[in-house]
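See below for the structure under consideration.
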Amino acid sequence: MDKQLLLDYRYLRMARIWAENSYCKRRKVGALVVKDKMIISDGYNGTPSGFENVCEDENNVTKPYVLHAEANAITKLARSNNNSEGATLYVTASPCIECSKLIIQAGIRRVVYAEKYRLDDGLQLLRRAGIEVVYLNPDDEEKLKDNETESTK
């Protein structure tokens, strides 16, 4: 397996672990922004700073002010000295259209995601903007490693 693919799987696994920080019950999503092999920002879906950590209402519907993992990671960058120009975003679920707009504006050039969402308008927008979009299932990594081991025997 090539080095970039190994790194992609590794960062996606890390994004999955980061998603565990989310207080959301319906779906936990994690995101990492990586530039020059360094994690420069991270995020998970949840409520804005200072709000109660409850993402769903009494009917189990996500509250409208809950931030997506990508939005949290990108806005965290805005409060730092880091720059996301040319970076890669690793996210556990494919970006929605609103997050895709932020990704484009942040100068991120590559998005690697692990789960396909039922809507793909965000992915279409990213591709239209010339951003490389890569789908990887982290569960496939072991199968690929096993196949490589078999082929070297």
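Please read these numbers as outputs of a predicted model, since none were measured by experiment.
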Revision key, fill the gap. Taken in chain and number order and not counting sequence neighbours, the residues that satisfy salt bridge (Lys or Arg N to Asp or Glu O under 4.0 Å) with Arg109 are none
Practice item. Would you please name every residue forming a salt bridge (Lys or Arg N to Asp or Glu O under 4.0 Å) with Lys25, sequence neighbours left out? Key: none
Revision key, fill the gap. For Ser41 and Ala73, the nearest pair of non-hydrogen atoms, with its separation, is OG-O, 2.7 Å
Point to revise | Listed partners of Gln105 passing side chain to side chain donor-acceptor pair (under 3.5 Å), at least two apart | key: none
Practice item. Check the hydrophobic clustering (I, L, V, M, F, W, Y; side-chain heavy atoms under 4.5 Å; chains of links allowed) and say if Tyr44 and Ile17 are grouped together. Key: no
Exercise for review: State plainly whether one hydrophobic cluster holds both Leu102 and Leu89, where clusters connect Ile, Leu, Val, Met, Phe, Trp and Tyr through side-chain heavy atoms under 4.5 angstrom apart.
Suggested key: yes
Check your understanding: Is the side chain of Ser94 donor-acceptor paired with the backbone N or O of Lys116 at a distance under 3.5 Å, no angle test?
Key -> no
Check your understanding: Does Asn59 use its side chain to pair, donor to acceptor, with the backbone of Val61 at less than 3.5 Å?
Key -> no
Point to revise | Crowding at CG, Asn81 (>12 non-hydrogen neighbours, <6.0 Å) | key: no
Review point. Tell me, which pairs form a salt bridge (charged side-chain N to carboxylate O under 4.0 Å, His left out) where one or both residues lie in residues 65-88, sequence neighbours left out?
Key: Asp42-Lys76
Report all side-chain donor-acceptor pairs from residues 124-131 shorter than 3.5 Å, counting only partners two or more places apart or in another chain.
{"from": "Gln124", "atom 1": "NE2", "to": "Asp120", "atom 2": "OD1", "distance (Å)": "2.7"}
{"from": "Gln124", "atom 1": "NE2", "to": "Asp120", "atom 2": "OD2", "distance (Å)": "3.2"}

Would you call [X] and [Y] a side-chain contact if the rule is heavy atoms closer than 4.5 Å?
| X | Y | value |
| --- | --- | --- |
| Tyr23 | Thr47 | no |
| Lys37 | Tyr11 | yes |
| Pro95 | Val111 | yes |
| Leu136 | Leu5 | yes |
| Leu123 | Tyr113 | yes |
| Pro48 | Tyr65 | yes |

Check residues 26-34 and write down every donor-acceptor pair under 3.5 Å in which the side-chain atom is one partner and the other belongs to a residue at least two apart or another chain.
{"from": "Arg26", "atom 1": "NH1", "to": "Thr62", "atom 2": "OG1", "distance (Å)": "2.9"}
{"from": "Arg27", "atom 1": "NH2", "to": "Glu115", "atom 2": "OE1", "distance (Å)": "3.0"}
{"from": "Lys28", "atom 1": "NZ", "to": "Ser22", "atom 2": "O", "distance (Å)": "2.6"}
{"from": "Lys28", "atom 1": "NZ", "to": "Cys24", "atom 2": "O", "distance (Å)": "3.2"}

